[in-house]
Amino acid sequence: MEKIALVTGASRGIGKATALALARDGWTVHVNYIRSREAAEAVAAQTGGMAICADVSDGQAVSAMFEKIGPVDLLVNNAGGALKMPKGGFVDMPMDYWDEQIALNLNSAAYCSQLAARCMIEKGIHGSIINISSIHSLVTWVKRKALPYSAGKAGMNMFTKSIGVELIKYGINVNCIAPGLVYTKIMDRYSERDIRGFERKIPAGRGGTVDDIVPMIPVSYTHLRA
Ligand code: NAP
């Protein structure tokens, strides 16, 4: 039977690699994006799903997206990222920056997961939800001060556990992956010098590639293979 997945933020980076790996494993994958239409369409052409433009930090946009795609067996909440914190630190931080970052890195997962889970329960789908968190949910990023990003991703970890214990009675698995530094476009804003500095803090002396992350995805849906 056809298995359908939605990967948010799948026009590039970890989301794109995830969508392509799922397609290689026989999934039909819908490819969400916000700006990069051509790139998303190129991914969707290889995954057999739709390229869907929707800002996942906006609950109404997420509802419209789910109306278009219908039920999914697997949801990967991948879209996210840290914008550099405005100058001045937390005490001077404009609260709209906080709201924007929490909406992108935490609310987005709640909006998408609620609609996906409702459909799974209604259709009796023993599905899977995977949240892409970050190492910054676990350690403080002293120099870069991406405070709302870290707080949002830490919230995502607990969100994963909380809905996981609720949804397992419907046969729905919820898991979280928290990557460290991964060489994607998200790193473009940093100088070579910054990146070498990050790498020095990593025991392996280097970051990871999308190919280090993607093999963790199938672990969360092995129960769907039956
Ligand atoms: P990336 O290369 O910057 O890709 C981000 C993706 O998210 C793009 O497809 C982008 O779409 C999409 N996106 C951004 N805002 C969106 C929104 N509001 N609605 C829908 N889509 C949106 O990022 P990445 O490095 O692959 O990161 C993917 C996830 O892993 C993120 O949640 C990030 O926080 C997490 N992560 C990354 C690293 C790392 O070092 N790379 C480390 C830890 C965690 P467009 O192309 O259309 O803009």
Side-chain angles (χ1 to χ4, degrees), residues 6-21 29-44 47 49-66 68-69 75-84 99-113 129-139 141 144 146-157 159-160 175-190 194-195 197-199 201-202 204 206-214 216-217:
L6 167 66
V7 181
T8 68
S11 58
R12 60 171 193 259
I14 295 171
K16 174 182 174 180
T18 299
L20 294 177
V29 187
H30 299 307
V31 174
N32 161 255
Y33 69 100
I34 184 163
R35 285 168 287 263
S36 309
R37 183 162 64 90
E38 269 182 36
E41 284 175 352
V43 178
T47 63
M50 290 184 247
I52 309 263
C53 180
D55 178 355
V56 291
S57 63
D58 172 346
Q60 287 184 348
V62 169
S63 295
M65 172 167 69
F66 273 87
K68 273 191 211 149
I69 64 173
L75 164 69
V76 183
N77 286 311
N78 166 75
L83 296 172
K84 204 166 156 187
D99 292 342
E100 194 181 300
Q101 285 282 274
I102 295 293
L104 176 59
N105 291 293
L106 178 59
N107 297 358
S108 59
Y111 298 145
C112 291
S113 301
I129 297 172
I130 305 171
N131 296 318
I132 307 299
S133 179
S134 166
I135 192 170
H136 294 297
S137 64
L138 303 166
V139 295
W141 213 1
R144 285 285 159 193
L147 185 144
Y149 174 76
S150 298
K153 293 292 194 184
M156 182 183 245
N157 296 354
F159 169 71
T160 304
N175 290 281
C176 190
I177 295 170
L181 187 162
V182 182
Y183 302 104
T184 65
K185 196 169 164 51
I186 222 172
M187 301 305 296
D188 282 1
R189 79 179 71 109
Y190 300 114
D194 281 342
I195 293 175
F198 300 151
E199 287 166 341
K201 294 190 177 120
I202 301 169
R206 62 163 184 90
T209 67
V210 293
D211 296 330
D212 294 313
I213 308 301
V214 163
M216 288 183 259
I217 304 278

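Counting starts at 1 for both ligands and their atoms, following the listed order.
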Quick one: table the atom pairs, ligand 1 N or O against protein N or O, below 3.5 Å, distance rounded to 0.1 Å.
{"from": "ligand 1", "atom 1": "2 (O)", "to": "R12", "atom 2": "NE", "distance (Å)": "3.1"}
{"from": "ligand 1", "atom 1": "3 (O)", "to": "R12", "atom 2": "NE", "distance (Å)": "3.4"}
{"from": "ligand 1", "atom 1": "3 (O)", "to": "R12", "atom 2": "NH2", "distance (Å)": "3.0"}
{"from": "ligand 1", "atom 1": "4 (O)", "to": "R12", "atom 2": "NE", "distance (Å)": "3.3"}
{"from": "ligand 1", "atom 1": "9 (O)", "to": "G9", "atom 2": "O", "distance (Å)": "3.2"}
{"from": "ligand 1", "atom 1": "9 (O)", "to": "S11", "atom 2": "N", "distance (Å)": "3.3"}
{"from": "ligand 1", "atom 1": "9 (O)", "to": "S11", "atom 2": "OG", "distance (Å)": "2.6"}
{"from": "ligand 1", "atom 1": "11 (O)", "to": "S11", "atom 2": "OG", "distance (Å)": "3.4"}
{"from": "ligand 1", "atom 1": "18 (N)", "to": "D55", "atom 2": "OD1", "distance (Å)": "2.8"}
{"from": "ligand 1", "atom 1": "19 (N)", "to": "A54", "atom 2": "O", "distance (Å)": "3.3"}
{"from": "ligand 1", "atom 1": "19 (N)", "to": "V56", "atom 2": "N", "distance (Å)": "3.1"}
{"from": "ligand 1", "atom 1": "25 (O)", "to": "T184", "atom 2": "OG1", "distance (Å)": "2.4"}
{"from": "ligand 1", "atom 1": "26 (O)", "to": "I14", "atom 2": "N", "distance (Å)": "2.8"}
{"from": "ligand 1", "atom 1": "32 (O)", "to": "N78", "atom 2": "O", "distance (Å)": "2.7"}
{"from": "ligand 1", "atom 1": "32 (O)", "to": "K153", "atom 2": "NZ", "distance (Å)": "2.8"}
{"from": "ligand 1", "atom 1": "34 (O)", "to": "Y149", "atom 2": "OH", "distance (Å)": "2.7"}
{"from": "ligand 1", "atom 1": "34 (O)", "to": "K153", "atom 2": "NZ", "distance (Å)": "3.3"}
{"from": "ligand 1", "atom 1": "40 (O)", "to": "V182", "atom 2": "N", "distance (Å)": "2.8"}
{"from": "ligand 1", "atom 1": "40 (O)", "to": "V182", "atom 2": "O", "distance (Å)": "3.2"}
{"from": "ligand 1", "atom 1": "41 (N)", "to": "V182", "atom 2": "O", "distance (Å)": "3.1"}
{"from": "ligand 1", "atom 1": "41 (N)", "to": "T184", "atom 2": "OG1", "distance (Å)": "3.2"}
{"from": "ligand 1", "atom 1": "46 (O)", "to": "S11", "atom 2": "OG", "distance (Å)": "2.6"}
{"from": "ligand 1", "atom 1": "46 (O)", "to": "R12", "atom 2": "NH1", "distance (Å)": "2.8"}
{"from": "ligand 1", "atom 1": "46 (O)", "to": "S36", "atom 2": "OG", "distance (Å)": "2.6"}
{"from": "ligand 1", "atom 1": "47 (O)", "to": "I34", "atom 2": "N", "distance (Å)": "2.9"}
{"from": "ligand 1", "atom 1": "47 (O)", "to": "R35", "atom 2": "N", "distance (Å)": "2.5"}
{"from": "ligand 1", "atom 1": "47 (O)", "to": "S36", "atom 2": "N", "distance (Å)": "2.7"}
{"from": "ligand 1", "atom 1": "47 (O)", "to": "S36", "atom 2": "OG", "distance (Å)": "3.4"}
{"from": "ligand 1", "atom 1": "48 (O)", "to": "R35", "atom 2": "NE", "distance (Å)": "3.2"}
{"from": "ligand 1", "atom 1": "48 (O)", "to": "R35", "atom 2": "NH2", "distance (Å)": "3.3"}

Exercise. Taking everything shown except K153 itself, do over 12 heavy atoms lie less than 6.0 Å from its NZ?
Worked result: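 Yes, because the 6.0 Å sphere around NZ of K153 holds more than 12 heavy atoms from other groups.
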Which atom pairs, donor and acceptor, lie under 3.5 Å between side-chain atoms of residues 7-15 and protein residues at least two apart or in another chain?
{"from": "T8", "atom 1": "OG1", "to": "V76", "atom 2": "O", "distance (Å)": "3.4"}
{"from": "T8", "atom 1": "OG1", "to": "N78", "atom 2": "N", "distance (Å)": "2.8"}
{"from": "T8", "atom 1": "OG1", "to": "A79", "atom 2": "N", "distance (Å)": "2.9"}

Problem set entry | Full working for side-chain contact (heavy atoms from CB on, under 4.5 Å) between I69 and M50 | CA-CA 8 Å; I69 64 173; M50 290 184 247; 4.0 Å; yes
Problem set entry | N175 (side chain) donor-acceptor with I130 (main chain) under 3.5 angstrom | no
Exercise. Would V62 and S108 count as a side-chain contact (heavy atoms from CB on, under 4.5 Å) if you check the C-alpha gap in whole Å, the side-chain angles of each, and the deciding distance to 0.1 Å?
Worked result: CA-CA 8 Å; V62 169; S108 59; over 6 Å; no
Exercise. Step by step, would you call K16 with V210 a side-chain contact (heavy atoms from CB on, under 4.5 Å)?
Worked result: CA-CA 9 Å; K16 174 182 174 180; V210 293; over 6 Å; no
